[in-house]
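Sequence lines set the chain letters: A, B, ... in the order given, protein chains first and strands last, and positions in each chain run from 1.
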There are 2 protein chains.
Amino acid sequence: MATGRTTPASPSPGGASRRTRARGIPDATVARLPLYLRALTALSERSVPTVSSEELATAAGVNSAKLRKDFSYLGSYGTRGVGYDVEYLVYQISRELGLTQDWPVVIVGIGNLGHALANYGGFASRGFRVAALLDADPALAGQTAAGLPVRHMDELEEIIRAEHVSIGVITTPPGAAQQVCDRLVAAGVTSILNFAPTVLSVPEGVDVRKVDLSIELQILAFHEQRKSGEDHLADDGPAVVSRPGAGAKAVAAAAARAVSRARGKAAAAAAAEPGDGDDGDLPAVIPA
Amino acid sequence: MATGRTTPASPSPGGASRRTRARGIPDATVARLPLYLRALTALSERSVPTVSSEELATAAGVNSAKLRKDFSYLGSYGTRGVGYDVEYLVYQISRELGLTQDWPVVIVGIGNLGHALANYGGFASRGFRVAALLDADPALAGQTAAGLPVRHMDELEEIIRAEHVSIGVITTPPGAAQQVCDRLVAAGVTSILNFAPTVLSVPEGVDVRKVDLSIELQILAFHEQRKSGEDHLADDGPAVVSRPGAGAKAVAAAAARAVSRARGKAAAAAAAEPGDGDDGDLPAVIPA
DNA sequence: TGTTGTGAAGTTCTTCACAGCT
DNA sequence: AGCTGTGAAGAACTTCACAACA
């Protein structure tokens, strides 16, 4: 299972393994199960006994045919003419996702983002337990965040083994991410959620998913640009500029250099911390 | 363009519009352009003049055929037998993504996550400028975060209009998200990046992408479960449990109730803030 | 009657493999 | 000789539309 050595990464956020389906649950379906679960949990709290695929789909923000197809991979858990039993579905999806068991996680890199994650309510309420917060900065060690002590990286291996941690969250600067990743994997972690803007290399059998804040914004910018700017790009776009002569390329390259230079400065400023030298994107966290 | 009224949401993070391609750039390709751009920027900083599709693909964590196909949608920017001019490609991709222009953004909800985003280096280095930080808590207003003053929600409309903001980032608790979203949209924002675990309803023409921390972990848990647990689920899975008798359902429902109850408590604790009552997932941010 | 569950059709995305150019 | 650009094949995902069933 899982992807090869260098984890490829699917569309936007994730890069977890393709073709991992146990008895054939499509990845796209797995990615939506948490959505359904959330909607169902809300219904459950309002003591709603049953829902139709139509209602639930609306609550989850998908269309009902997709939802029914998704559920069909799990089994026949509905009742024709009636709908789905909310409690029953909550249980089945929780079980399918593995949320009926306890998942200890470690968070490495306790800056603002690490803090935010440590405090995140969605973790605890889904069977995820923060087993430890780790940071390379000795000044942080001993302090507490979200009621937990921040411990030094030196203790990483020990904690992972003692607590049977199999999921690690990386919220370090990009320059430290691969190194932290390697240590996590060596210590036994087999699933990693990476917030650092870095492509992580992991051995086969280790899943990596990534959350990249900057990428999401760039995708929005792309669409945003199209909304008002049908003009200057419409006839200057892809097909027309293609096959540019050497002259055209030289001019564009000059412009590119200017852009690049500006970017370089920002990157340099951001990457003030040693051991980085990777790329301009750097989450504002204390290096770990 | 964009999706209907209730934004559906694709796989994991995003829910931006399908079929928005201007002159036919696939969504999947758009989602990867930022990845290529990052890899290229790194090369550019190392003054590497050209790259082959193979090298660049490795750096970006994709395969080379996919990369070449992606680039083919932009035009013929490479040189056969040689590769791609790094600077030129940086410029072309930046332009395609709309990063050659300035994108003012507002961040609403200045808790830990809002702070982390305000400090995030990847924003500034890609043409995104934080125009304002907003929060509903009067105690925060006046304080500064990441060098910027936190301003009160009352000023939202004014700021958006004065600064021509078209992109908004929501980092509020879930209960406040839809309301904030409505105000942003009414004031003229047409792209939203949502970190709150809520399905946002927006009018046509508005793009929403979401980043959901809890969902990513749940997807990892699903795969993690399969790694060691081929046993108890292998022959108890989908197909076999399907078509359960009424008895089986009742038993499972009882178990479900226990799970649900535990979850309910966590949710209640997390949702202490008034105006929520939505769902258990609540990022640790000050309500806005 | 109302709603599920699902073959089949349709769409999008990925990968292959090689012609075409430098 | 080497690498891009792309038609064509293949895989994954979505949507349709309706039979099956409570």
B:Glu54 CD to D:dA1 C1', in whole Å, measures 16 Å
Whether A:Asn63 contacts D:dT15 is assessed here as follows: a side-chain N or O lying under 4.0 Å from the phosphate OP1 or OP2. Is that the case? yes
For the pair made of CZ in A:Arg32 and P in D:dA12, what is the distance, rounded to whole Å? 15 Å
If each of A:Val82 and A:Ala65 is mapped to the nucleotide of DNA chain D with the nearest heavy atom, which maps nearer the 5' terminus, i.e. the 5' end? A:Ala65
Considering the options A:Glu55, A:Lys69, A:Glu54, which one meets the side-chain contact (heavy atoms from CB on, under 4.5 Å) requirement together with A:Ser64? A:Glu54
Looking across every strand, which nucleic acid part, if any, lies under 4.0 Å from B:Tyr84 by heavy atom: base, sugar-phosphate, or nothing? sugar-phosphate
D:dG7 phosphate, OP1 or OP2: any side-chain N/O from B:Arg68 under 4.0 angstrom? no
Tell me: CD of B:Glu55 to P of D:dG2, nearest whole Å? 14 Å
Nearest listed nucleotide, side chain of B:Ala28, among D:dC16, C:dG5, C:dC13: C:dC13
So does A:Arg80 get a side-chain nitrogen or oxygen closer than 4.0 Å to the phosphate oxygens (OP1/OP2) of D:dC18? no
Given atom OH of A:Tyr73 and atom P of C:dT4, what is their separation to the nearest angstrom? 17 Å
Distance check needed: D:dA22 P versus A:Asp85 CG, whole Å only. 16 Å
Can you measure B:Leu67 atom CG to C:dC13 atom C1' for me and round it to whole angstrom units? 15 Å
Provide, to the nearest angstrom, the distance between the CG atom belonging to B:Leu74 and the P atom belonging to D:dT6. 11 Å
In terms of side-chain heavy atoms of A:Ser53, which of C:dT4, C:dT14, D:dT4 is nearest? C:dT4
A:Phe71-A:Tyr84 aromatic ring centre distance below 6.0 Å: yes
Should B:Arg68 and B:Ser53 be marked as a side-chain hydrogen bond (donor to acceptor under 3.5 Å, both in side chains) after you check the CA-CA gap, both sets of side-chain angles, and the distance that decides it? CA-CA 6 Å; B:Arg68 287 199 303 278; B:Ser53 62; 3.1 Å; yes
For the pair made of CG in A:Asp70 and P in D:dT14, what is the distance, rounded to whole Å? 7 Å
Taking the side chain from A:Thr29 and the backbone from A:Ile25, do they hold a donor-acceptor pair closer than 3.5 Å? no
Does B:Glu224 form a side-chain hydrogen bond (donor to acceptor under 3.5 Å, both in side chains) with A:Thr190? I'd like the steps, not just the answer. CA-CA 7 Å; B:Glu224 191 61 39; A:Thr190 46; 2.5 Å; yes
Consider the side chain of A:Lys69, meaning its heavy atoms from C-beta on, and name the nucleotide among C:dT6, D:dC3, C:dT14 that approaches it most closely. C:dT6
